[in-house]
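Read the structure below first, then the notes.
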Amino acid sequence: MVVYTGSMSDAASKTFYLETFGCQMNAHDSEKVVGTLLAQGYRQVPTVEEAGLVLYNTCSIRDKAEQKVFNRLADYKKYRAQGKKFGVLGCVAQQEGERIFERAPYVSLVCGSASYRNLPQMLVQLETGSSRVTGLDDRMTDECFETEFAARTNPHRGYITIIEGCDKFCAYCVVPFTRGKERSRTSASVLEEARQLADLGYTEIQLLGQNVNSYRDPSGLKSFAELLVAVASVVGIRRVRFTTSHPRDFGRDIVEAIDAVPALCNHVHLPVQSGSTRVLDAMSRLYTRDEYLERISWIQAARRDISLTSDLIVGFPGETEREFEETLSLMDLVGYDSVFTFKYSPRPNTPALRLEDAIPEAEKARRLAVLNDRQKQIGTRRNQRHVGQIVEAMVEGKNAARGQWVGRTSQIKVLNFTVPAGVELAAGSYVDVRVTGCFPNSLVGELAV
Ligand code: 5AD
Ligand code: SF4
């Protein structure tokens, strides 16, 4: 963990500890929250014991994730007597709201992500003794959390949020209720941040949004694909990624942009969730199996070899064995490079709660295992095509135990590779690696000299 120390003035008294759960959006929100606290004179400390203010940036995408924060809070009850303050941020905060004060009365700050821009005022309220401070925006705000203070933890790959919130309301998903309505930043502001990152030495940028490709420039200047090209054209930027794309808003122009601009990584994450049109309809995903496959055909027709990854849910209410098999057959047809797989988890407020969650846990687990097994075979096959190729990797670090270096390809594949004796590489540098073998989820190779 990177721990930032702010200015020395109030440093002794104002200390905070922050733990983050969940997705990349949350991780980057935390970078901005840390930056905001530092600007307010706080100092980040690495343990709960040392902190005056303990913050959790929470995730509620599945029940298991939500439970984690309540377990943490229960563990730390003992610190209440020491006068520590606790704050719950993020999706569980927005979802549970003031109920958190009832479940954990020693919590004094509850703030959803759509209210982070008000954090400085909330911190002042906390400091002046308020015992229950809330920032709970119920899909009202049109504003983004833009701050110059992000305390980035990775010195080479910089994250930039371009769109917040979600308006899709997929039947299973809590996000539209926790992250507010969709709101995009202007392309000028995104490009300004990209230039700042390049000036600081960043070479990779990842554009973030719950539905990144639903981006609508409020100034009307650029489409999403045009924004991708513009960010990739910033001097010093060698790689641009974006996540997560929604199939409904996935246009051919995105593929054309990747084909035309080498700095746009040749990887698309396009969650399908299910291979059955009936289930997709019940999930309110706004596309059919065939429409999804059409988008895949655009990507596969590209001149560049674009890797494909996806999210899949098994055991959505009413999913029959035959419908589950349609997901398997879709995986075969697409040939994903890798997938994230989940068992359906009923979430508060979501439309799917009205459907009976009747598929037993053991059956969900079986379907999940079948799916993961299938992906192991597909992933290995997909990775075999790289064996013998020379690919460019961004060096991420060294696995001392295995005596190997770890890098990532433009296609977002993990590549473990050896280097000749005595050679040391710098994290963040780019090297050519000859691929000599593969596993379902990674490649192995040797530095090409
Ligand atoms: N149950 C299981 N998986 C879910 N996801 C979102 N909501 C749920 C849920 N209620 C998965 C989807 C989404 C990913 C981020 O999490 O696959 O794409
Ligand atoms: Fe959730 Fe669907 Fe929005 Fe993704 S698009 S965040 S799955 S509601």
Side-chain angles (χ1 to χ4, degrees), residues 24 27 153-159 201-206 232 236-243 255 258-270 296 299-311 331-332 334-341 372-449:
Q24 200 52 62
T153 50
N154 182 320
H156 313 294
R157 177 180 302 129
Y159 297 94
Y202 284 83
T203 58
E204 179 173 322
I205 286 181
Q206 187 159 332
I237 297 304
R238 291 180 63 158
R239 286 186 174 180
V240 176
R241 304 185 184 283
F242 54 97
T243 192
V255 182
I258 295 175
D259 251 348
V261 182
L264 287 177
C265 288
N266 48 346
H267 164 232
V268 172
H269 183 62
L270 200 61
I296 295 294
I299 297 169
Q300 290 175 336
R303 282 185 298 278
R304 290 177 76 192
D305 178 5
I306 300 176
S307 69
L308 271 164
T309 56
S310 195
D311 294 345
M331 288 168 74
D332 289 337
V334 175
Y336 289 113
D337 291 85
S338 82
V339 294
F340 298 95
T341 56
N372 288 340
D373 231 45
R374 182 71 61 98
Q375 180 55 34
K376 251 190 186 167
Q377 296 162 23
I378 297 172
T380 307
R381 178 163 51 76
R382 292 289 295 161
N383 280 342
Q384 266 156 0
R385 75 190 193 281
H386 297 299
V387 176
Q389 288 178 350
I390 291 184
V391 297
E392 184 191 63
M394 189 215 228
V395 179
E396 297 202 331
K398 190 176 186 176
N399 183 334
R402 290 164 64 186
Q404 285 181 329
W405 289 83
V406 186
R408 220 168 254 272
T409 70
S410 170
Q411 293 186 322
I412 210 161
K413 300 197 177 197
V414 173
L415 173 49
N416 295 297
F417 60 99
T418 54
V419 303
V423 172
E424 283 296 313
L425 302 174
S429 62
Y430 292 81
V431 292
D432 285 338
V433 178
R434 179 175 294 103
V435 180
T436 54
C438 68
F439 293 101
N441 284 311
S442 64
L443 305 174
V444 289
E446 57 197 22
L447 191 68
V449 278

- prompt: Passes side chain to side chain contact (heavy atoms under 4.5 Å, CB included), D305 versus R385? Steps please.
  reply: CA-CA 11 Å; D305 178 5; R385 75 190 193 281; 2.9 Å; yes
task: Output, in order, the C-alpha distance, side-chain angles, deciding distance and verdict of side chain to side chain contact (heavy atoms under 4.5 Å, CB included) for S410 and R239.
output: CA-CA 7 Å; S410 170; R239 286 186 174 180; 4.2 Å; yes
- request: For side chain to side chain contact (heavy atoms under 4.5 Å, CB included), just list the numbers for I412 and C265, CA-CA rounded to whole Å, side-chain angles, deciding distance to a tenth of an Å, and then say yes or no.
  value: CA-CA 8 Å; I412 210 161; C265 288; over 6 Å; no
E424/K398 under side chain to side chain contact (heavy atoms under 4.5 Å, CB included): CA gap, chis, key distance, verdict: CA-CA 9 Å; E424 283 296 313; K398 190 176 186 176; 3.3 Å; yes
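The line from CG of D337 to NZ of K413 is 3.5 Å long, rounded to the nearest 0.5 Å. In this structure, CG in N441 is found 8.0 Å from OG1 in T380, a value given to the nearest 0.5 Å. For the atom pair CZ of R434 and CG of L447, the computed distance is 9.5 Å after rounding to the nearest 0.5 Å. In this structure, the separation between CG on D259 and CZ on R304 is 7.5 Å, given to the nearest 0.5 Å. To the nearest 0.5 Å, atoms CD1 (I390) and CD (E446) are separated by 9.5 Å. For the atom pair F417 CZ and L443 CG, the distance stands at 11.5 Å (nearest 0.5 Å).
A side-chain donor-acceptor contact under 3.5 Å links H269 and T309.
A side-chain contact (heavy atoms from CB on, under 4.5 Å) with V395 holds for exactly one of V431, V406, V419, L415; it is V431. Exactly one residue among H156, R241, R408 makes a side-chain hydrogen bond (donor to acceptor under 3.5 Å, both in side chains) with E204. That residue is R241.
A heavy-atom distance below 4.5 Å is not found between the side chains of R382 and L308. Between L270 and I299 the shortest side-chain heavy-atom distance falls below 4.5 Å.
Q375 places no side-chain N or O within donor-acceptor distance of the main-chain N or O of M331, the cut-off being under 3.5 Å. Here the side chain of D432 pairs no donor or acceptor atom with the backbone of A448 at under 3.5 angstrom. The closest donor-acceptor contact from the side chain of N399 to the backbone of Q404 lies at 3.5 Å or more, if one exists at all. Side-chain N or O atoms of N416 include none that pairs as donor or acceptor with a backbone N or O of V444 at under 3.5 Å.
Remark: Y202 engages no residue in a ring-ring contact (aromatic ring centres under 6.0 Å, His included) (not counting sequence neighbours).
A pairwise comparison of heavy atoms in I378 and G335 identifies CG2-CA, 3.7 Å as the closest pair. Taking all atoms of both residues into account, the shortest heavy-atom contact from V240 to A232 is CG2-CA, 3.6 Å. Closest of all the heavy-atom pairs between T203 and G428 is OG1-O, 4.4 Å.
At a threshold of 4.0 Å, the pair R381-D332 does not count as salt-bridged, since none of the basic side-chain nitrogens sits closer than that to a carboxylate oxygen.
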